[in-house]
Student: 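Sharing a structure below in structure tokens format, with a few things to ask.
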Amino acid sequence: MPLVGTKEMFKKAYEGGYAIGAFNVNNMEIVQGITGAAAELNSPIILQCSAGARKYANSHYLVHLVKAALEINDIPIALHLDHGADFDICKSCIDDGFTSVMIDGSHYDFKENIELTKKVVEYAHAHGVVVEAELGKLAGIEDDVKVAAHEAAYTQPDEVQEFVEKTGVDSLAIAIGTSHGAFKFKPEQCTRNADGVLVPPELRFDILAEIEKRIPEFPIVLHGASSVIPKYVKIINDNGGKLAAAVGIPEDQLRKAAKSAVCKINIDSDLRLAMTAGIREHFMAHPEHFDPRQYVAPGRDYIKELVEHKIKDVLGSDGKAPEIMALINK
Ligand code: G3H
Ligand code: 13P
Ligand code: ZN
């Protein structure tokens, strides 16, 4: 089947109270690990490439790796540009065959963000491509010292309806307390649970609820949604790594988000941790190995294991491929 957009995915996800996993891809083994897991669970999936991924691997390699995955696995896959910084990169991805792009104008003021997003939407829609935009600034809570500044980083519910109407955008990334990377919170911002795991403050579900009220049935996107799974952090640290106090978003909060208007959940750091855990563990056990196939394969295996877990236990998108294909073929 060809690459698909996200319209049908989001419609079904919204109605069904689940979310589509958007996983960042940078090389063949990452694509294989993610799509292998999704195919086994008959789950729709979004594969997304950042500007850094395109620079590292070359956009053509990434597009063709994803197309190869589609030939092998019979599931709906969307190819998405993650954090497009300007019109040109969005245009370039659309011209390369991406089916979805993000224009990230969150660092501009409201009016400029609208203008830039609208320009991308016009080009994208004319080419059958859907667009994600961002409102609010995604940052670690540690950046917001004062309450006022802290509130300012979150998406303002009062702005979303005007933004969506004026831009014609297809989905909206919001800031409700998630942030990028494996160190989302400082230990002093967290409490410890019974297992000694650091638990950060809750996401702002109240803001999400307000946003849902202003733009009912509109698909919301959560960036910075890695959980920083302690198992992989421990394997890394037990095998020569040094990741002190890495903290992510607890999975029960992501499950709650997936049941709401959040239709797309972005995960990159967890993939990086899983891949690194597999490679480090292998090298510690086999210091004599030097064939990349021997040491990259365990990283790919951990990525597959991780994505299976996310699909089944967090996103709830397992078994949903047929209903999306049926809607696309209608
Ligand atoms: O949101 C950012 C993603 O994790 C991509 O990261 O720009 O290092 O590829 P990157
Ligand atoms: P994480 O760093 O939490 O994996 O977030 C990834 C992301 O938002 C990609 O756009
Ligand atoms: Zn992001």
Side-chain angles (χ1 to χ4, degrees), residues 6 19-27 29-31 33-34 45-59 61-62 65-66 78-86 89-90 93 98 100-107 131-143 153 155 171-185 198 200 203 219-230 232-233 236 243 245-251 253-254 257-258 262-277 302-303 306-307 309-311 314-315:
T6 56
I20 313 290
F23 297 97
N24 286 70
V25 296
N26 293 279
N27 67 16
E29 285 80 2
I30 297 175
V31 172
I34 298 165
I45 204 103
I46 298 168
L47 298 179
Q48 55 187 13
C49 306
S50 65
R54 290 176 92 230
K55 197 168 161 204
Y56 172 76
N58 180 314
S59 185
Y61 274 99
L62 294 172
L65 283 171
V66 172
L79 177 56
H80 174 77
L81 166 67
D82 191 26
H83 292 285
D86 53 35
I89 189 170
C90 293
C93 287
F98 283 51
S100 172
V101 294
M102 175 189 190
I103 176 67
D104 184 353
S106 59
H107 45 292
V131 181
E132 171 187 326
E134 181 165 328
L135 207 45
K137 281 194 191 66
L138 210 68
I141 284 183
E142 68 269 20
D143 295 335
T155 304
S171 61
L172 187 66
I174 60 164
I176 57 166
T178 63
S179 62
H180 292 107
F183 303 92
K184 299 184 191 300
F185 305 93
L198 289 169
L203 296 177
I220 300 297
V221 178
L222 220 49
H223 281 248
S226 277
S227 299
V228 187
I229 296 175
Y232 299 112
V233 176
I236 291 170
L243 296 179
V247 187
I249 310 297
E251 289 187 336
Q253 295 188 37
L254 296 172
V262 171
C263 295
K264 173 174 180 270
I265 292 191
N266 283 14
I267 296 165
D268 187 6
S269 298
D270 279 342
L271 298 170
R272 297 177 182 196
L273 293 167
M275 173 67 88
T276 304
Y302 273 157
I303 284 193
L306 164 82
V307 175
H309 162 65
K310 293 281 177 188
I311 287 173
V314 180
L315 303 161

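All values below were derived from every heavy atom in this structure, side-chain atoms included, with hydrogens, water molecules and symmetry-related copies excluded. In each ligand, atom 1 is the first atom listed, and ligand 1 is the first ligand listed. All of these numbers come straight from a predicted model, not from anything done at the bench.
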Student: Taking the side chain from S227 and the backbone from P250, do they hold a donor-acceptor pair closer than 3.5 Å?
Tutor: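 Pair absent, no side-chain N/O of S227 close to backbone of P250.
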Student: Can N24 and D82 be said to form a side chain to side chain contact (heavy atoms under 4.5 Å, CB included), step by step?
Tutor: CA-CA 8 Å; N24 286 70; D82 191 26; 2.9 Å; yes
Student: Just by modelled atom types, is the V228 backbone N or O under 3.5 Å from a matching donor or acceptor in the S226 side chain?
Tutor: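 Not at all, since once roles are kept as given, no pair shorter than 3.5 Å links the two residues.
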Student: For H223, which of D104, N266, T178 qualifies under side-chain hydrogen bond (donor to acceptor under 3.5 Å, both in side chains)?
Tutor: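 Going through D104, N266, T178 one by one, the side-chain hydrogen bond (donor to acceptor under 3.5 Å, both in side chains) with H223 is satisfied by N266 alone.
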Student: Checking L203 against I249 for the side chain to side chain contact (heavy atoms under 4.5 Å, CB included) test, could you report, in this order, the C-alpha distance in whole Å, the side-chain angles of both residues, the deciding distance, and whether it holds?
Tutor: CA-CA 8 Å; L203 296 177; I249 310 297; 3.9 Å; yes
Student: Decide whether H107 and E134 meet the rule of one side-chain donor and one side-chain acceptor closer than 3.5 Å.
Tutor: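 No, no side-chain donor-acceptor pair sits under 3.5 Å.
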Student: Distance under 4.0 Å, heavy atoms only, partner ligand 1: which residues pass?
Tutor: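 Near ligand 1, by chain and number: N24, S50, D82, H83, H180, D268, R272.
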Student: Restricting to distances shorter than 2.8 Å, give the number of protein N, O or S atoms close to the Zn ion (ligand 3).
Tutor: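 N, O or S atoms of the protein closer than 2.8 Å: 3.
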Student: Decide side chain to side chain contact (heavy atoms under 4.5 Å, CB included) for L138 and H180; before the verdict, give the C-alpha distance in whole Å, the side-chain angles of both, and the deciding distance to 0.1 Å.
Tutor: CA-CA 8 Å; L138 210 68; H180 292 107; 3.1 Å; yes
Student: Keeping the roles fixed (side chain from K184, backbone from S179), state whether a donor-acceptor pair exists under 3.5 Å.
Tutor: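 Flag set: sc K184 to bb S179 pair under 3.5 Å.
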Student: Between the main-chain N or O of L79 and the side-chain N or O of S100, is there a donor-acceptor pair closer than 3.5 Å?
Tutor: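 A pair under 3.5 Å: no.
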Student: Would you confirm whether T155, through its side chain, and L135, through its main-chain N or O, come within 3.5 Å as a donor-acceptor pair?
Tutor: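 It does hold such a pair.
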Student: Run the salt bridge (Lys or Arg N to Asp or Glu O under 4.0 Å) test against K310 and tell me which residues pass, sequence neighbours left out.
Tutor: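 K310: salt bridge (Lys or Arg N to Asp or Glu O under 4.0 Å) contacts with E251, D270.
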Student: Output, in order, the C-alpha distance, side-chain angles, deciding distance and verdict of side chain to side chain contact (heavy atoms under 4.5 Å, CB included) for L198 and F185.
Tutor: CA-CA 9 Å; L198 289 169; F185 305 93; over 6 Å; no
Student: Students should find this: residues with any non-hydrogen atom under 4.0 Å from ligand 2. What is the answer?
Tutor: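 Residues near ligand 2: N24, Q48, D82, H83, S179, H180, G181, K184, H223, G224, A225, S226, N266, I267, D268, S269.
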Student: Looking only at heavy atoms, what is the nearest atom pair of L62 and V25, with distance?
Tutor: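 Scanning both residues completely, I find the closest heavy atoms to be CD2-O, 4.1 Å.
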